[in-house]
Structures are given as C-alpha cells and as structure tokens.
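Here is the structure we will look at, set down as structure tokens.
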Protein chains: 2
Amino acid sequence: MGISRKDLKQVIVFQNATDDDLNQIIQNSITRSLEEGEFFFLQGDPANYLYVLVNGQVKLLQTNPSGQQVNLRTIYPRQMFGALGAVREQADYPASAQALENSSALAIKSAFLHEMMETRPYLSFDLMKLMTSYIQEMQSRYRELATERVEQRIARALLRLTVQSGQKVDEGIDLAFSRQDLAEMSGTTLYTVSRVLADWERQGLIRAGREQIHITNPHGVVRIAEGLEK
Amino acid sequence: MGISRKDLKQVIVFQNATDDDLNQIIQNSITRSLEEGEFFFLQGDPANYLYVLVNGQVKLLQTNPSGQQVNLRTIYPRQMFGALGAVREQADYPASAQALENSSALAIKSAFLHEMMETRPYLSFDLMKLMTSYIQEMQSRYRELATERVEQRIARALLRLTVQSGQKVDEGIDLAFSRQDLAEMSGTTLYTVSRVLADWERQGLIRAGREQIHITNPHGVVRIAEGLEK
DNA sequence: CAAGTTATTTGTGCCAGCGCAAAGAAACAA
DNA sequence: TTGTTTCTTTGCGCTGGCACAAATAACTTG
C-alpha cells in the first residue's frame, strides 16, 4: 500500500511542494511496515532515512547509557520524524523510533531530501518551522520538568495527548495510554502515576481503566496543569 | 563600535554568505549595547529582531507563570540568538535574553532575514543545522533532568560550561559562575549546588570560590557526569 | 475455562533534595 | 574604615516521590 501525492501534500513540510517535487520524493522513497514494538531506527544508527508516518503510531524515545528511557514525543500519521539526519551529513539519530502499534511509514533517503533542499528554499523553510516548534516544545517541557511538581506534569501530559490524539466525546475525552507511558512522558515512575490517577478518580476528574483514561472533567485537569490547584 | 563583514562571517549561520549578502545584513541591522542585567528581549515580546552577540555574555531563560525561571543556554560572542522569530512571521520570543555582563549585539530585522532566506538556500540550511543542534541539546538535557540525579546533572552542567567557555589551564579549568547559575542550569536549587560543590571540594575534585570554580580533577568530574561514581 | 501473561494498585520504608533561616565571607562603595 | 550588598554555607525539618514487593485485575491463548 503506497502513498499518493495528495497524501504527501498533507505533510506540513511538503505543503508547498510542487507535484513534480512530490513525485520525485515518492520515487526516492520506500514504504516500511512494522509490527507493534519494532523500531524504525535506533538511537545512534546512521540517519540515512527520514520518515513520514502513513498509519499507526510511533514513539520517539531517548535512552541513557544505563538504560533508562524518556519519551520525547509521539508521532501520528502525516507527521515527519527522523529528519535531523537530512540536515547534517553523516549524522546519527539522536533518539529511537518505536512503533506503538502496527505502523507503516514512507522512508525517504536523507541524502535525497538534503539535495532537494539545496535548490528548493521552501522546503528548508517549512522544515525549519517544524524545528522551531520542536525547540519550543522541548524548552517548555524542560522548564516544566525543572520547576513543576509531578501532579502538574502528569496533567500537562494528559492535555498534550488530548490535543494530539484524543477524540472529543460529549462528556469527556478518551485516551489510550498505560501508566508506564504517562510516566515516561512526564518524567516520573508508573507507581506515582498510578497513585495520582487513583487520586483524581476519587475526586471525579477522570475514570481510569487498563491502558485507558477517560477525562470526565477536562476543566479540572486544566486547573491542575496550570498549577491553580494545590 | 560596529561589526565588520569579516566578523560576521565567523558566525556559523553566515559562514557561507557572500560578501554582498553580508553587506546587506549589516545595512539592515543596528548595534544594541546593554548593561549587565538588562534584557535584549523578554519572553512574549514580538520577535522582530534576531541577534548576533558581538561581545559580552547573554543568558537565555524561560519563566513560568509563577515566576520560577530556568536557564536554557548561555550565548557567547559570534553566536546567534532570538532566531526563532525569523522563521515564523508574527512569532513571539519563547524565552528572555538577559545580558550577564555589559554586552553588545547586532540586531537584524527578522523580516529581513526571512526575506533573504527565501532566495538563499544556504542560509536556511545553515540555520537548520544550528536548530538541530539545539533540539538535540534540549532533548539530552530533558532526558538528563528526567533520569539523572542532582550530582550528575551538576557535573554535566560544569562540563558543558567547560566546553563552551572554560579556559584550559595546565592544572585544571577555571569557570566563573555563581551557585545560582549552576542551579538554574541543572534544574535544582542553589542550596543543593552549594552542598554538592562543598562535597567535591572535600574530595579534592575542585576548588570553589565566590562566583568561581576551579576544576582540579576534570577526570573525576567526568566520572560523576557519566554516572560511574555513586 | 484454566493457565499464563501483562498491567495496575497499594502498603511500607526510606532518603534525596527542597525550603527556610540565619550566619559567614567576599566584594564594593564612599 | 565601616557599612551595604551580594554570594555562599550550613543546620534542620520535612516531604515528595522512589523502590521493592506482593496482591489484584484484566486480557490472551489454547
């Protein structure tokens, strides 16, 4: 199952690409399909390809020498990942990309995009916009981790997920993530996440189940995220 | 005191610029000189200018709604800062830039660079390289903050500073930073930094004074940063 | 449906690191 | 020199959140 020009045009970085450009990109790429749990690439691998997720869900994570890992971001369809390598030659991926469910992605040769960018300003330009948003997000998350307490960070993680993937439901929002996921996203442990969620459930803010969270009172969660509640 | 083409060429982002480009940049910019403690811009201001530091030292910091702040990075001469606004129109600075000592910087109109980039691929390209390095650094720091303990983070902060600004001395490295600075850089409090440094001094790793740290045993600090010591 | 696997909850103990406060030391001013 | 400011140290109490372990609970598989 391939990807059409029209699909590719939905990708933020390619929104200004010409049809001819898109065709070239498609010609210089292949589709990779992975099962849940498999990796598109590992931290430290040479960054020879960049990816556009076609379907599924992919987690970007970084591991430190002693094996602990943190979630950097979750990738949804039509988003690009692994693009850092297209900018510097001979770069290595600074993070790993793991499929959270069966996923397929378009793999574009880094060197090819690199070359295209040298003659197509709009492309670098759109990629830069993407990068600035990453920088800002990482800066905010860094600040949050440094200055905010766990409850607040978990609330923020939930809200971020809501924006990215939660389907709005009349009486709340449904999310499908494990305590472990949440812990990695908010820089804490699954034990703490479990306790906090149990607490919120008692307060009637959410209803929690196995690998899913239903936010019944989004406003209350926002208040916690903002640090308005103690 | 102005800045010459030759100086500007030292700036990483402008390394591939033509003389004509550099002249244009100089013509579309002004020099701003600030006293210690003053701000080039504040978080939330419209990002109308980007800066190239000519001399002095500038701290980029982010503040949360309740006023706590974290250090994002320190800028040294010939480095660019506040560039995010050149990419998105109508952007606001996501952080504040404060002069750590009397400093002067070349202020370039964001809109002007924006325009230049539309016709000069090399420019966006070099700026992208800079951005990727920021992203990677923020990702690492985020991971460190999430998974490493205070001692380790302080050691890393010291090493980062060593690379950026420390003059190598035969028997060690001299750094001029306050406990407060170190605390903001490693996401902790000045009390903790003070205690940790006192401890290291007892172990003979460093000698510490008011606003300065002399690393006598760099290798030992590296070991702590790597997490090899308990 | 029984057994196995994976996710979650919860109790308990513990300590790293925070926050406050107060005192000391260095730098600066006049 | 003496006061003032700024930076640093240190004692002390406190607690948020971690670590481990064990019990549930939910899902999967044959």
Side-chain angles (χ1 to χ4, degrees), chain A residues 35-37 64 66-70 100-102 144-155 157-158 175-203 206-214 224 227 229-230, chain B residues 35-37 59 64 66-71 98 100-102 144-158 175-203 206-214 224 227 229-230:
Chain A
E35 312 255 305
E36 177 178 344
N64 72 7
S66 56
Q68 287 170 291
Q69 51 179 240
V70 292
L100 285 178
E101 49 192 71
N102 294 351
E144 289 163 17
L145 193 54
T147 64
E148 295 175 359
R149 54 180 60 193
V150 170
E151 267 218 318
Q152 217 174 123
R153 302 201 311 264
I154 296 174
L158 277 188
L175 297 170
F177 285 89
S178 74
R179 308 293 182 273
Q180 178 66 42
D181 289 332
L182 248 345
E184 282 168 14
M185 286 179 226
S186 44
T188 179
T189 62
L190 85 163
Y191 308 107
T192 299
V193 171
S194 177
R195 279 179 243 269
V196 169
L197 291 188
D199 203 44
W200 290 351
E201 188 155 18
R202 262 172 244 125
Q203 294 175 38
I206 62 169
R207 265 182 294 127
R210 183 193 174 91
E211 292 202 301
Q212 64 173 21
I213 297 149
H214 177 81
I224 294 174
E229 312 265 330
K230 207 340 265 302
Chain B
E35 312 253 306
E36 177 177 343
K59 169 163 94 169
N64 73 7
S66 55
Q68 286 170 293
Q69 51 179 239
V70 292
N71 259 18
Q98 183 178 31
L100 284 178
E101 49 191 70
N102 294 350
E144 289 164 16
L145 193 54
T147 64
E148 295 173 0
R149 55 179 60 193
V150 170
E151 266 217 319
Q152 218 174 125
R153 302 202 312 263
I154 296 174
R156 279 195 200 276
L158 278 188
L175 296 170
F177 286 89
S178 73
R179 307 292 181 274
Q180 177 67 42
D181 289 333
L182 249 342
E184 283 169 13
M185 286 179 227
S186 44
T188 179
T189 61
L190 83 163
Y191 308 108
T192 299
V193 171
S194 177
R195 282 179 244 266
V196 169
L197 291 188
D199 203 44
W200 289 352
E201 189 155 17
R202 262 171 244 127
Q203 293 176 40
I206 62 169
R207 267 181 293 126
R210 184 195 172 90
E211 292 204 301
Q212 63 173 20
I213 297 149
H214 178 82
I224 294 175
E229 311 265 333
K230 200 357 257 302

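Quick caveat, the model's predicted, so the values are computed rather than measured. Residue numbering restarts at 1 for every chain, and letters A, B, ... go by the order of the sequence lines.
- The side chain of A:Thr189 contributes an N or O atom lying less than 4.0 Å from OP1 or OP2 of D:dC18.
- Inter-axis angle, ends of the helix from C:dC1-D:dG30 to C:dA30-D:dT1, five pairs per end, rounded to 10 degrees: 40°.
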*Using a cut-off of 4.0 Å between protein heavy atoms and nucleotide atoms, how would you tag nucleotides 3-11 of chain C 5' to 3' with B, S and -?*
---BSSBBB
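- Computed from coordinates, the B:Trp200 CH2 to D:dT9 P distance equals 13 Å when rounded to whole Å.
- Side-chain atoms of B:Val70 and B:Glu184, non-hydrogen and from C-beta on, never get closer than 4.5 Å to each other.
- The two residues A:Asn102 and A:Glu35 come nearest to each other via the heavy atoms OD1-CA, 3.3 Å.
- Residues A:Phe177 and A:Val193 form no side-chain contact, since every pair of their non-hydrogen atoms from C-beta on lies 4.5 Å or further apart.
- Atom CZ of B:Arg207 is separated from atom P of D:dT8 by 17 Å (rounded to the nearest Å).
- Taking each heavy atom of A:Leu100 and A:Glu36 in turn, the nearest pair found is O-CG, 3.3 Å.
- A 4.5 Å side-chain heavy-atom check between B:Leu182 and B:Ile213 finds at least one atom pair inside the cut-off.
- Closest approach of A:Ala208 and A:Glu201 over heavy atoms only: N-OE2, 3.3 Å.
- Across all non-hydrogen atoms, the minimal contact from B:Arg153 to B:Ser186 is NE-O, 2.9 Å.
- For the pair B:Arg149 CZ and D:dC18 C1', the computed distance is 10 Å after rounding to whole Å.
- The two atoms that bring B:Ser194 and B:Arg179 nearest to each other are CA-CD, 4.2 Å, heavy atoms only.
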